[in-house]
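Reviewing the structure listed below.
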Amino acid sequence: MKLVLADAIATQSLGFKFGELLPAGSVILLSGDLGAGKTTFVQGIGAGLGINDAIVSPTFTLINEYTEGRIPLYHLDLYRLQGNEVSELNLDSYWEGLEVKPGIVAIEWAERMPYKPDSYLEVGLMYANNSGNDGEIREVEIIPVNFIDIPDFFNKLAR
Ligand SMILES: Nc1ncnc2c1ncn2[C@@H]1O[C@H](COP(=O)(O)OP(=O)(O)OP(=O)(O)O)[C@@H](O)[C@H]1O
Ligand SMILES: [Mg+2]
């Protein structure tokens with residue numbers, strides 16, 4: 001599914017619905033150019049989960065964990081890593097929820113992942129054609145990969 005996101009608020013509102021609707025164990029793989037809005041989207045997820053802490057980019061910390069919402073949010077950013085370094089992170093422990101409490105796992109720069117979970121939602125953010133890299137308009141493409149069926153999920157996103 002593809003949507004137009006007119007401004008940062010629209011991107012956050014879409015993320016908010018993910019935070020409201022997704023069950024623990026959901027993995028969201030975010031891709032898109034620098035500044036396309038990945039962190040902005042995750043801020044919306046945090047709000048939708050009822051997290052009051054500020055969601056800040058984990059570019060240097062690799063992972064930020066937020067546990068005060070409906071379910072935990074694990075926010076990762078792989079920008080600074082190479083494929084082999086990503087392998088060493090044992091990301092599976094997050095989506096399997098064996099060593100951590102199951103929650104939503106949101107991964108920026110998922111392009112860097114040498115392996116993927118069995119099931120995930122791919123969220124690709126793009127600068128809209130003609131708007132240039134300083135315009136506000138973005139496009140998002142959401143692709144479910146073996147993703148569990150959530151009744152009406154895509155209809156609710158489009159509203
Ligand atoms: N439609 C939009 N959606 C999201 N962000 C927008 C939009 N329009 C403008 N912006 C602005 O663009 C910037 C997006 O930054 P953000 O940190 O979310 O991007 P990012 O994809 O996480 O970047 P990075 O690759 O550095 O992690 C913010 O300053 C935000 O306010
Ligand atoms: Mg970011």
Side-chain angles (χ1 to χ4, degrees), residues 1-22 26-69 71-91 93-95 100 103-117 120-145 147 153-159:
M1 135 184 248
K2 268 194 180 184
L3 294 170
V4 173
L5 301 166
D7 54 25
I9 302 292
T11 302
Q12 286 189 3
S13 303
L14 182 67
F16 192 99
K17 292 177 193 164
F18 279 58
E20 278 185 317
L21 299 170
L22 293 181
S26 302
V27 184
I28 301 157
L29 299 187
L30 291 144
S31 60
D33 290 338
L34 276 171
K38 301 176 291 296
T39 300
T40 303
F41 182 84
V42 179
Q43 287 165 344
I45 298 179
L49 285 169
I51 293 167
N52 293 313
D53 282 347
I55 307 258
V56 291
S57 178
T59 308
F60 294 94
T61 52
L62 294 181
I63 171 151
N64 290 339
E65 307 189 4
Y66 304 87
T67 52
E68 59 162 331
I71 50 176
L73 171 63
Y74 303 105
H75 180 193
L76 293 99
D77 187 330
L78 307 179
Y79 181 66
R80 292 161 52 83
L81 301 185
Q82 309 290 323
N84 59 325
E85 296 175 302
V86 174
S87 305
E88 288 162 12
L89 288 178
N90 288 321
L91 295 178
S93 66
Y94 287 102
W95 56 74
V100 301
I104 293 182
V105 185
I107 306 180
E108 296 189 40
W109 291 96
E111 299 97 318
R112 304 264 198 278
M113 290 170 78
Y115 59 93
K116 306 252 162 93
Y120 56 92
L121 284 168
E122 197 175 300
V123 173
L125 287 149
M126 289 148 276
Y127 290 93
N129 285 339
N130 308 323
S131 87
N133 281 17
D134 49 1
E136 283 203 299
I137 305 172
R138 308 286 196 266
E139 282 161 0
V140 62
E141 184 167 25
I142 304 164
I143 304 170
V145 178
F147 201 73
F153 180 65
F154 286 96
N155 290 330
K156 285 175 181 157
L157 296 187
R159 257 178 239 143

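For ligands, and for the atoms within them, numbers begin at 1 and follow the listed sequence.
Expressed to the nearest 0.5 Å, how far CD1 of I45 lies from OG of S26 amounts to 9.5 Å. Rounded to the nearest 0.5 angstrom, D7 CG and R138 CZ are separated by 10.0 Å. With values rounded to the nearest 0.5 angstrom, T40 atom OG1 is found 11.5 Å from I55 atom CD1.
Residue Y79 places no heavy atom under 4.0 Å from ligand 1.
Taking a distance limit of 4.0 Å, we find that atom 29 (O) of ligand 1 is approached by no protein heavy atom.
The shortest N/O to N/O separation between G37 and ligand 1 falls below 3.5 Å. Among the atoms of S57, none of the N or O lies under 3.5 angstrom from an N or O of ligand 1. Residue contacts with ligand 1: A6 is placed with no nitrogen or oxygen under 3.5 Å of a nitrogen or oxygen of the ligand (distance criterion only).
In T11, the part holding a heavy atom less than 4.0 Å from any atom of ligand 1 is the side chain.
Side chains of N64 and T61: a donor on one and an acceptor on the other come within 3.5 Å.
Atom 31 (O) of ligand 1 has A8 CB, 3.7 Å as its closest protein atom, hydrogens excluded (heavy atom only). Closest to atom 1 (N) of ligand 1 among all protein heavy atoms lies E136 O, 2.7 Å.
Qualifying side chain to side chain donor-acceptor pair (under 3.5 Å) partners for T59, counting only residues two or more places apart in sequence or in other chains: S57, D77.
Here the shortest heavy-atom distance to atom 23 (O) of ligand 1, taken over A10, G35, A128, belongs to G35. Summarising the contacts of atom 10 (N) of ligand 1 with R138, K38, Q12, the nearest heavy atom is found in R138.
Under the 30°/60° scheme for interplanar angles, the aromatic rings of F18 and F153 are found to stand perpendicular.
Not less than 6.0 angstrom separates the ring centroid of F60 from the ring centroid of Y79.
The number of protein N, O or S atoms lying under 2.8 Å from the Mg ion (ligand 2) is 2.
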